[in-house]
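Quick notes on the structure that follows.
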Number of protein chains: 2
Amino acid sequence: MTLISIGRLSDETGTKIPTIRYYESIGLLPEPPRTASNRRLYDPHAVARLRFIRHARDLGFEIEAIRDFLGLMDHPGGPCHHAHGLVRQHLEAIDAKIAQLQAMRHAIERVSPNCPYNRVEQCPAIEVLSDHALCPDGCP
Amino acid sequence: MTLISIGRLSDETGTKIPTIRYYESIGLLPEPPRTASNRRLYDPHAVARLRFIRHARDLGFEIEAIRDFLGLMDHPGGPCHHAHGLVRQHLEAIDAKIAQLQAMRHAIERVSPNCPYNRVEQCPAIEVLSDHALCPDGCP
DNA sequence: GCTACAATCTCCAGCGACTAGAGGATCAAG
DNA sequence: CTTGATCCTCTAGTCGCTGGAGATTGTAGC
């Protein structure tokens, strides 16, 4: 069982050191054992857990959702309906975000990249932002 | 020239009142005139400016970018190269976000919506989050 | 006029998810 | 034995809002 320092954990998971300590402070990562000189020591299980957290964060899950996942994983005999619900909800949220971004893209795309004018008053880049009719979805 | 209250401005633009005051505090909206009893009064120009701000925020522009846009619009005779640069940069950022979300979606999609198991230990929803090989792009 | 109640004012504190810095202790290498 | 990297705790800052406390004002009904 190889124990590693916080710096090593940081390198291996691509997580900044303060972020690791932050996850510990909010209870996502358990308090690790320490050396005689008070330095944190992490085992492979902690590495996996942090990697899971980072992966889920990269996928856009919120901390509280991840806390739920970790809670489920800490009770491996239990039912997993809740996990499915979380994932499904998140998929829907992702689809909504993608749709919104694509609408955005189309709205912004209308801006001619080669503006024939050179003055702000006639600039389509400013216009597309000002023109209410070009809103992707119904804005107030 | 119809002057409206902050509540009215809030309703017309779909912006919460504290948000309007926040925009004023950071200098995005100018300090409006007040009634004798110190209440803010907004003219149609302020409504348009706030709508512009909200629209740009909905499109994902950061406050500082919006400040730039507004600065450009306040000098309507000047050149607009900068506005184009901002919009182009933003388009690139949107494309990157869309790509990332789609990668996410594919990763999460692998989770079977009808899990044949009913226990967390065999649940593919948990697995897809744990399995490092399913990462959308090279994670550490 | 009086009483409710809604709207507004200022100021301050908090959210999420980190990130950065100060100031001090400890480790590993030369 | 010194140097520099790494670690510790603690505090405060980031962004873009959001909400509450407590005081004042505007409006409507009686």
Legend entry - Relative orientation of the end axes in the helix from C/dG1-D/dC30 to C/dG30-D/dC1, expressed as an angle to the nearest 10° (five pairs per end): 0°
Please report, rounded to the nearest Å, how far the [atom2] atom of [N] is from the [atom1] atom of [X].
{"X": "B/E31", "N": "C/dT10", "atom1": "CD", "atom2": "P", "value": "10 Å"}
{"X": "A/I20", "N": "C/dT19", "atom1": "CD1", "atom2": "P", "value": "11 Å"}
{"X": "A/L41", "N": "C/dT26", "atom1": "CG", "atom2": "P", "value": "15 Å"}
{"X": "A/L28", "N": "C/dC18", "atom1": "CG", "atom2": "C1'", "value": "12 Å"}
{"X": "B/E24", "N": "C/dT8", "atom1": "CD", "atom2": "P", "value": "14 Å"}
{"X": "A/E62", "N": "C/dC15", "atom1": "CD", "atom2": "P", "value": "15 Å"}

Is the shortest side-chain heavy-atom distance between [X] and [Y] below 4.5 Å?
{"X": "A/V47", "Y": "A/E12", "answer": "yes"}
{"X": "A/L70", "Y": "A/I53", "answer": "yes"}
{"X": "A/P30", "Y": "A/R49", "answer": "yes"}
{"X": "B/I6", "Y": "B/R39", "answer": "no"}
{"X": "A/P32", "Y": "A/L41", "answer": "no"}

Inset, instruction - Would you mind checking if B/R67 and B/E64 are paired as a salt bridge, meaning a charged N to carboxylate O distance below 4.0 Å? - result: yes
Inset, instruction - Inspect the contact between B/R40 and B/E31 and indicate whether a charged nitrogen and a carboxylate oxygen are less than 4.0 angstrom apart. - result: no
Legend entry - Heavy-atom pair with the smallest gap, counting every atom of B/S10 and B/I17: CB-CG1, 3.7 Å
Classify the nucleic acid contact of [X] as base, sugar-phosphate or nothing, counting any heavy atom under 4.0 Å across all strands shown.
{"X": "A/I6", "result": "sugar-phosphate"}
{"X": "B/R54", "result": "sugar-phosphate"}
{"X": "A/I26", "result": "nothing"}

Inset, instruction - Tell me which nucleotide among C/dA17, C/dT19, C/dT10 gets nearest to the side chain of B/R40. - result: C/dT10
Legend entry - More than 12 heavy atoms from other groups under 6.0 Å of CZ on B/R21: yes
Contacts under 3.5 Å, N or O only, protein and nucleotides 27-29 of chain C:
from, atom 1, to, atom 2, distance (Å)
C/dC27, OP1, A/S37, OG, 2.7

OP1 or OP2 of [N] under 4.0 Å from side-chain N/O of [X]:
{"X": "A/R57", "N": "C/dG16", "answer": "no"}
{"X": "A/K16", "N": "C/dA20", "answer": "yes"}
{"X": "B/R21", "N": "C/dA7", "answer": "no"}

Inset, instruction - Could you tell me the separation between the CD1 atom of A/I26 and the CD1 atom of A/I66, rounded to the nearest 0.5 Å? - result: 8.5 Å
Inset, instruction - Report the distance from atom CD1 of A/I20 to atom CG of A/L28, rounding to the nearest 0.5 Å. - result: 12.5 Å
Inset, instruction - Applying side chain to side chain donor-acceptor pair (under 3.5 Å), run through B/R54 and B/Y23 and close with a yes or a no. - result: CA-CA 11 Å; B/R54 291 311 308 181; B/Y23 287 158; 2.7 Å; yes
Inset, instruction - Under 4.0 Å from any heavy atom of chain A: name the first and the last nucleotide of DNA chain D that qualifies, 5' to 3'. - result: D/dT6 to D/dT9
